[in-house]
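What follows is a short report on a single structure.
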Amino acid sequence: VKKQKMSVPANTEITVPVVVTGWLVWKIFIKLDGMLGIKTPGVGFALTLALITVVGFLGSNLLTRGLLAAVENTIERLPLVRLVYNATKDLIGAFVGEKKRFEAPVVVTLTADGAVRGLGFITQESMNALDTPGAPTSVAVYFPQSYAFAGWTFIVPASRVQRLDTSNSDFMAFVVSGGVTDFPKLR
């Protein structure tokens, strides 16, 4: 008995992502408008973008840096708030800004025979504090999860890590998509 391969119509590959994206954007607009008490869809989103832009401008302005530093110092004194604030700040800083952390895409050999490998990013070049005397030097590698803002950090011997010379953003897109997108070109 031959198994028949089920095919998905080509228009479904376009329609479903467009509909899901449109629905999600609409929900965000409605949620922001509701939080701000605005009845016109999209105005809350526009105001939020304007607020983010103004805060960014003020944050880069010399006159307001002291005020922002005072707010940050206050946040640092509040235990639970500090935890959420620092985690969010570190996550955003890992992707954008001057101190991007996901700049070293790697393949990590996970088994002795090399048959199983993981894709990740070096986040710490040296883990001397955790290395045992005489053991190979270790590095910290972050393995992002597909379709999520989550992942695992493993300490692995540097000898099991192969650096890849490729676009960081294309590599992240490949990993986060679960390998569905094309593997980025190696330079």
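Being a predicted model, the structure only gives us computed values, none of them experimental.
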Worksheet item: Is it the case that one hydrophobic cluster holds both Leu49 and Val25, taking links as side-chain heavy atoms less than 4.5 Å apart, direct or via other members?
Response: yes
Worksheet item: When rounded to the nearest 0.5 angstrom, what distance separates OG1 in Thr48 from CD1 in Ile28?
Response: 10.5 Å
Discussion item. Does atom CG (Asn73) have a neighbourhood of more than 12 heavy atoms from anything else shown, all under 6.0 Å?
Written reply: yes
Worksheet item: If you look at every heavy atom in Thr111 and Ala115, which pair is closest and at what distance?
Response: OG1-N, 3.3 Å
Discussion item. Testing the 3.5 Å rule here: is there a donor-acceptor pair between the side chains of Tyr85 and Glu72?
Written reply: yes
Item to complete: Could you tell me which non-hydrogen atom of Pro144 sits nearest to which non-hydrogen atom of Met172, and how far apart they are?
Response: CG-SD, 3.8 Å
Discussion item. Could you walk me through whether Ile38 and Phe29 satisfy the side chain to side chain contact (heavy atoms under 4.5 Å, CB included) test, starting with their C-alpha distance in whole Å, then the side-chain angles of each, then the deciding distance to 0.1 Å, before giving a yes or no?
Written reply: CA-CA 10 Å; Ile38 299 171; Phe29 280 10; over 6 Å; no
Practice prompt. Give, for atom OG of Ser177 and atom CG of Asp182, the distance between the pair rounded to the nearest 0.5 Å.
Written response: 9.0 Å
Worksheet entry | Derivation and outcome, ring pair (Phe, Tyr, Trp, His ring centres under 6.0 Å), residues Phe121 and Tyr142 | CA-CA 5 Å; Phe121 294 86; Tyr142 176 73; 7.7 Å; no
Worksheet item: Would you say Pro105 and Arg163 make side-chain contact, with heavy atoms under 4.5 Å?
Response: no
Item to complete: Test side chain to side chain contact (heavy atoms under 4.5 Å, CB included) on Phe171 and Leu164 and set out the steps.
Response: CA-CA 9 Å; Phe171 186 78; Leu164 299 175; 3.5 Å; yes
Worksheet item: Do Thr153 and Val141 touch side chain to side chain, with heavy atoms closer than 4.5 Å?
Response: no
Discussion item. Ignoring hydrogens, what is the shortest heavy-atom contact between Tyr147 and Val180? Give both atom names and the distance.
Written reply: OH-CG2, 3.7 Å
Worksheet item: What are the two closest heavy atoms between Ser146 and Gly178, and how far apart are they?
Response: OG-CA, 3.1 Å
Discussion item. Val107 vs Leu119, test: side chain to side chain contact (heavy atoms under 4.5 Å, CB included). Steps then yes/no.
Written reply: CA-CA 5 Å; Val107 175; Leu119 301 175; 3.6 Å; yes
Item to complete: Kindly give the heavy-atom pair with the smallest separation between Gly118 and Leu110, and that separation in Å.
Response: N-CD1, 3.7 Å
Practice prompt. State, with a plain yes or no, whether a side-chain heavy atom of Val161 is found less than 4.5 Å away from one of Ile122.
Written response: yes
Worksheet item: Is there a chain of hydrophobic side chains (I, L, V, M, F, W, Y, each step under 4.5 Å between heavy atoms) that links Leu78 to Val84?
Response: no
Worksheet item: For atom CZ of Arg117, is the number of surrounding heavy atoms from other residues, nucleotides or ligands below 6.0 Å larger than 12?
Response: no
Item to complete: For residues Glu76 and Thr74, determine if any side-chain heavy atom of one lies less than 4.5 Å from a side-chain heavy atom of the other.
Response: no
Worksheet entry | Heavy-atom donor-acceptor pair, Arg82 side chain to Ile75 backbone, under 3.5 Å | no
Worksheet item: Is the backbone N or O of Lys185 less than 3.5 Å from a side-chain atom of Thr166, with the two atoms forming a donor-acceptor pair by type?
Response: yes
Discussion item. The test is side chain to side chain contact (heavy atoms under 4.5 Å, CB included); show your working for Val20 and Val18 and say whether it passes.
Written reply: CA-CA 6 Å; Val20 169; Val18 167; over 6 Å; no
Worksheet item: Would a 4.5 Å heavy-atom cut-off, applied to side chains only, mark Phe45 and Leu36 as touching?
Response: no
Worksheet entry | Residue list, side-chain contact (heavy atoms from CB on, under 4.5 Å) with Phe154, at least two apart or on another chain | Phe143, Trp152, Val156
